[in-house]
Enquirer: 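Okay, here's the structure, questions in a sec.
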Amino acid sequence: MIYLIISTIIDQLLSTNITNTYQKLNYFFPLILITSLPISYLLTKNKIIFFIAIIILGIIYDLLYSDIPLINLYFLILLTLIIKIFYQNKKPTTLNITILTLIGTITYDLYLSLILILTKSQNITINDIIYKETHSLILNIIYLILSLIILKSRIFGSRKSLNKKY
């Protein structure tokens, strides 16, 4: 849970301090909270508290970043449910965490772009989305790699000790 809170704070700090735009599209938008969800899910033992924290962080995320109410909350809940379903039948591996992170960040950008197009808030093209994706993924992959290095023993080590008990 602490990792999730720290990730949210880092997300806020980076998003307020990094303001590079391309045709009115913030392309270096850190999605640290979304990047941290697969790891946070594995680190949190009580999943009910985790889902409550996601709801609270989704509301905070909406208040900070969105003009459309509950848009981020819906996405974070959906992504958390996808992560829960994904991990029911699979062991956590570096590849699985990376795949979930990529799916989360890419899907979030596509989801947000679709909503902005449907509400006619911005005129976004496919090239704008691709440009934003490539620049946004750089920062998020760096954060994922650092998180995996720092938390490797907590993510994978605790899993090995559970297998030894049974």
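By convention here, the first residue in the shown sequence is residue 1. Values below: every heavy atom of this structure, side chains too, minus hydrogens, waters and symmetry copies.
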Enquirer: Could you tell me whether the side chain of Thr93 and the main chain of Asn96 form a donor-acceptor pair under 3.5 Å?
Expert: yes
Enquirer: How far does CG of Leu137 sit from CG of Leu144, to the nearest 0.5 angstrom?
Expert: 10.5 Å
Enquirer: Identify, with sequence neighbours excluded, every residue that meets side-chain hydrogen bond (donor to acceptor under 3.5 Å, both in side chains) alongside Thr98.
Expert: none
Enquirer: Could you tell me whether Lys90 sits above the aromatic face of Phe86, with NZ or CZ closer than 6.0 angstrom to the six-membered ring centre and within 45 degrees of the axis?
Expert: yes
Enquirer: I'd like to check Leu79 versus Ile54 (side-chain heavy atoms, cut-off strictly below 4.5 Å). Are they in contact?
Expert: no
Enquirer: Does Asn140 use its side chain to pair, donor to acceptor, with the backbone of Thr35 at less than 3.5 Å?
Expert: no
Enquirer: Can you name the ring pair (Phe, Tyr, Trp, His ring centres under 6.0 Å) partners of Tyr41, sequence neighbours left out?
Expert: Phe50
Enquirer: Working to the nearest 0.5 angstrom, can you tell me the gap between Glu133 CD and Leu102 CG?
Expert: 9.5 Å
Enquirer: For atom CG of Leu63, decide whether the heavy atoms of other residues, nucleotides or ligands shown that lie under 6.0 angstrom number more than 12.
Expert: yes
Enquirer: Evaluate whether atom NZ of Lys152 has more than 12 neighbouring non-hydrogen atoms of other residues, nucleotides or ligands under 6.0 angstrom away.
Expert: no
Enquirer: Could you measure the distance from the CG atom of Leu148 to the CD1 atom of Ile39? Nearest 0.5 Å is fine.
Expert: 4.5 Å
Enquirer: Is there a donor-acceptor pair closer than 3.5 Å between any side-chain N or O of Ser36 and the backbone N or O of Leu33?
Expert: yes
